[in-house]
**Q** 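Sharing a structure, written as structure tokens. Questions coming.
The analysis underlying the following values was restricted to heavy atoms, covering all of them including side chains, and did not include hydrogens, waters or symmetry mates. Letters A, B, ... mirror the listed sequences (proteins, then strands); counts begin at 1.
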Protein chains: 2
Amino acid sequence: MTTEHEQDPVHCAISDALSVLGDRWSLLVVRDVLRGINRFDSLQDSLHIARNILAQRLASLEEAGVLVKSPIKPNGKRMCYNPTPKCLGLIPVLVSLIDWTANWSSEEQKRWAKVIDKTTGEEVKIGIVDNNNNPIPMSQLSIQF
Amino acid sequence: MTTEHEQDPVHCAISDALSVLGDRWSLLVVRDVLRGINRFDSLQDSLHIARNILAQRLASLEEAGVLVKSPIKPNGKRMCYNPTPKCLGLIPVLVSLIDWTANWSSEEQKRWAKVIDKTTGEEVKIGIVDNNNNPIPMSQLSIQF
DNA sequence: CTCATGAGTTTTATTTTGAAACTAATTTAT
DNA sequence: ATAAATTAGTTTCAAAATAAAACTCATGAG
């Protein structure tokens with residue numbers, strides 16, 4: 001794959017993102033790390049992912065600059081994985097995925113993302129707004145990637 | 001240790017979303033359909049995806065209610081795939097992925113998502129906002145998935 | 001009617017994933 | 001201090017998913 005076509009719509013910002021995140025597990029690992037689950041075995045317990053695949057994903061997320069791997073105690077061998085600023089940058093992706101499911105799934109238990117402004121304690125939301133910060137309904141949008 | 005997840009980590013809104021979208025291609029198909037590329041062969045040309053995989057993804061996106069498949073002319077055999085409202089609901093996901101890449105990739109050609117309000121022609125933006133729709137910096141956020 | 005196009009399906013090879021067992025180092029318990 | 005249990009993976013092998021190409025078979029254009 002990844003052949004070099006001159007006019008290549010596959011090579012765009014979305015596919016760049018998906019080359020790191022476009023699989024069944026990566027975003028769930030990111031979610032767990034943001035939740036504070038940062039050890040190999042706790043992640044495996046939480047996700048029930050195959051251990052070899054987890055090792056692979058952690059390595060690729062580290063290489064992508066999304067996680068940092070560091071020993072728990074200096075020079076130790078026990079590791080932990082923590083979120084980088086680039087990882088925090090994925091919060092809008094996670095929130096919009098959660099809200100999409102909440103909005104559009106027919107399931108009983110609709111879970112909304114809850115994001116809190118630490119300074120006010122207030123709940124915040126993700127959305128599309130115009131220059132005056134007024135929300136705009138989705139049906140009114142046209143997208144140009 | 002933040003053991004404050006009262007939510008089921010295995011079956012959550014994110015993994016629900018990823019069971020439809022969590023692969024290499026689905027979101028790129030969605031992007032193309034939103035762009036107006038809605039025929040099997042044009043999608044294949046655009047994405048260089050294997051034809052059997054494309055057929056699979058289109059079927060699963062249709063089953064998920066993201067796309068509708070319909071004949072171009074009544075009772076015809078030539079088909080086209082078009083976005084449902086649920087598909088439009090993915091715009092924030094796509095936009096936040098694009099913006100993430102633009103913000104955090106080291107590449108030269110950073111592409112920002114451009115979303116336009118069809119009624120005004122004005123460009124709009126996606127972000128995390130408080131109840132007054134004012135944007136909030138990422139560092140101020142705490143998440144509870 | 002003929003030929004090119006559209007929308008897939010089939011076939012086969014390659015890659016990725018998953019489950020389980022296996023290391024080797026490191027804590028913890030006795 | 002020694003034994004037992006944890007941690008953080010790796011290895012192995014089977015099963016599933018993906019890719020590339022060839023193959024249908026109906027339709028539309030000329």
Side-chain angles (χ1 to χ4, degrees), chain A residues 1-5 8-11 15 18-30 32-33 36-64 66-83, chain B residues 1 3 9-11 15 18-30 32-33 36-64 66-83:
Chain A
M1 228 187 86
T2 60
T3 41
E4 218 59 56
H5 303 251
D8 194 355
V10 175
H11 190 269
S15 68
L18 293 180
S19 69
V20 183
L21 307 169
D23 71 287
R24 181 55 37 73
W25 294 112
S26 295
L27 279 171
L28 293 172
V29 172
V30 166
D32 271 8
V33 169
I37 303 175
N38 62 359
R39 304 288 295 276
F40 189 93
D41 274 23
S42 350
L43 288 165
Q44 208 271 322
D45 284 352
S46 163
L47 297 172
H48 304 105
I49 180 180
R51 304 175 72 76
N52 51 349
I53 302 302
L54 176 58
Q56 251 179 217
R57 292 296 163 255
L58 287 170
S60 102
L61 287 169
E62 196 200 354
E63 198 196 327
V66 174
L67 304 179
V68 273
K69 176 185 186 175
S70 45
I72 287 172
K73 50 179 71 173
N75 292 359
K77 196 85 192 302
R78 298 290 207 258
M79 295 301 184
C80 65
Y81 297 87
N82 285 302
Chain B
M1 219 188 292
T3 38
V10 180
H11 190 269
S15 68
L18 293 180
S19 70
V20 183
L21 308 168
D23 72 286
R24 204 82 262 287
W25 294 111
S26 296
L27 278 171
L28 293 171
V29 172
V30 167
D32 271 7
V33 169
I37 303 175
N38 61 358
R39 303 288 295 274
F40 189 93
D41 275 23
S42 350
L43 288 166
Q44 208 270 321
D45 284 352
S46 162
L47 297 172
H48 305 105
I49 181 179
R51 304 173 73 77
N52 52 349
I53 302 301
L54 176 58
Q56 250 179 214
R57 289 295 103 94
L58 287 170
S60 101
L61 288 169
E62 195 200 355
E63 198 196 327
V66 175
L67 305 179
V68 271
K69 176 185 188 175
S70 45
I72 288 173
K73 51 180 67 172
N75 291 1
K77 195 85 192 302
R78 299 289 208 262
M79 294 300 184
C80 64
Y81 297 88
N82 284 303

**Q** Once rounded to the nearest 0.5 Å, what's the spacing between atom CG of Asn38(B) and atom CG of Leu58(B)?
**A**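 Interatomic distance, Asn38(B) CG to Leu58(B) CG, rounded to 0.5 Å: 10.5 Å.
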
**Q** Among dT18(D), dG9(D), dA19(D), which nucleotide sits nearest the side chain of Arg57(B)?
**A**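 Selected nucleotide (nearest to the side chain): dT18(D).
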
**Q** With no hydrogens and no angle check, is any side-chain donor or acceptor of Gln44(B) less than 3.5 Å from a backbone partner on Ala50(B)?
**A**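 Looks like no, no N/O pair under 3.5 Å.
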
**Q** Would you say the base of dA20(C) and the side-chain of Arg51(A) have a donor-acceptor pair closer than 3.5 Å?
**A**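 When only heavy-atom distances are counted, Arg51(A) does not reach the base of dA20(C) through any donor-acceptor pair under 3.5 Å.
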
**Q** Among dA8(D), dA19(D), dT11(D), find the nucleotide with the atom closest to the side chain of Asn52(A).
**A**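 For the Asn52(A) side chain, the nearest candidate turns out to be dT11(D).
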
**Q** Nearest 0.5 Å, what's the CD-CG distance between Glu62(B) and Asn82(B)?
**A**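 Reported value, rounded in 0.5 Å steps: 11.5 Å.
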
**Q** Indicate yes or no: at least one non-hydrogen side-chain atom of Val20(B) is less than 4.5 angstrom from one of Ser26(B).
**A**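 With C-beta onward as the side chain, the pair stays apart.
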
**Q** Check side chain to side chain contact (heavy atoms under 4.5 Å, CB included) between Arg39(B) and all other residues, then give those that pass, not counting sequence neighbours.
**A**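 With neighbours one apart ignored, the set is Ser42(B), Ile72(B), Arg78(B), Cys80(B).
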
**Q** Hey, what do you get for CD1 (Ile37(A)) to CG (Leu47(A)), rounding to the nearest 0.5 Å?
**A**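 Between Ile37(A) CD1 and Leu47(A) CG, I get 7.0 Å after rounding to 0.5 Å.
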
**Q** Write down the distance between CG (Leu28(A)) and P (dT17(C)), rounded to a whole number of angstrom.
**A**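 Going from CG in Leu28(A) over to P in dT17(C) covers 14 Å.
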
**Q** For nucleotides 24-29 of chain C, give me one character per nucleotide, 5' to 3': B if any protein heavy atom sits under 4.0 Å from the base, S if the only such contacts are to the sugar-phosphate, - if neither.
**A** --BS--

**Q** Classify the nucleic acid contact of Arg24(A) as base, sugar-phosphate or nothing, counting any heavy atom under 4.0 Å across all strands shown.
**A**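 Result for Arg24(A) = nothing.
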
**Q** Take atom CE of Met79(B) and atom C1' of dT9(C), then tell me their distance rounded to the nearest Å.
**A**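 Atom CE in Met79(B) sits about 15 Å away from atom C1' in dT9(C).
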
**Q** Taking only the side-chain heavy atoms of Tyr81(A) (C-beta and beyond), determine which of dG9(D), dT10(C), dG6(C) contains the nearest atom.
**A**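 Shortest atom-to-atom distance from the side chain points to dG9(D).
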
**Q** Does dT18(D) have OP1 or OP2 under 4.0 Å away from a side-chain N or O of Trp25(B)?
**A**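 For dT18(D), neither OP1 nor OP2 has a side-chain N or O of Trp25(B) closer than 4.0 Å.
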
**Q** Would one find a side-chain N or O of Gln56(B) under 4.0 angstrom from OP1 or OP2 of dA17(D)?
**A**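 For dA17(D), neither OP1 nor OP2 has a side-chain N or O of Gln56(B) closer than 4.0 Å.
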
**Q** When the distance from CG of Asp23(A) to C1' of dT17(C) is rounded to whole Å, what number comes out?
**A**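 Roughly 11 Å, once rounded to whole Å.
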
**Q** Could you tell me the separation between the CG atom of Leu54(B) and the P atom of dG6(C), rounded to a whole number of Å?
**A**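 Distance check: Leu54(B) CG to dG6(C) P gives 14 Å.
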
**Q** Under 4.0 Å from OP1 or OP2 of dG6(C): is there any side-chain N or O of Arg39(B) that close?
**A**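 So the side chain of Arg39(B) is outside the cut-off, no N or O lying under 4.0 Å from OP1 or OP2 of dG6(C).
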
**Q** Looking at CH2 of Trp25(B) and CD of Gln56(B), how far apart are the two atoms once the value is rounded to the nearest 0.5 Å?
**A**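 Between Trp25(B) CH2 and Gln56(B) CD, I get 13.0 Å after rounding to 0.5 Å.
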
**Q** To the nearest angstrom, how far is Asp45(A) atom CG from dT6(D) atom C1'?
**A**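 Rounded to the whole Å, the gap is 11 Å.
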
**Q** To the nearest angstrom, how far is Leu58(B) atom CG from dT18(D) atom P?
**A**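 After rounding, the reported distance stands at 14 Å.
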
**Q** Let's see if you can work this out: which of dT18(D), dG6(C), dA19(C) has an atom nearest to the side-chain heavy atoms of Ala50(A)?
**A**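 The closest nucleotide is dA19(C).
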
**Q** Between C1' on dG8(C) and CD1 on Ile49(B), what's the gap in Å once rounded to a whole number?
**A**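 In whole Å, dG8(C) C1' lies 13 Å from Ile49(B) CD1.
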
**Q** Rounded to the nearest 0.5 Å, what separates atom CD1 in Ile49(A) from atom CZ in Arg57(A)?
**A**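 Atom-to-atom, Ile49(A):CD1 and Arg57(A):CZ are 7.0 Å apart.
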
**Q** Considering only side-chain heavy atoms of Ala55(B), which listed nucleotide, dT10(D), dT9(C), dA7(C), is closest?
**A**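 Output: dT9(C).
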
**Q** Specify the separation, in whole Å, of atom CD of Glu62(A) and atom P of dA8(D).
**A**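 About 14 Å, once rounded to whole Å.
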
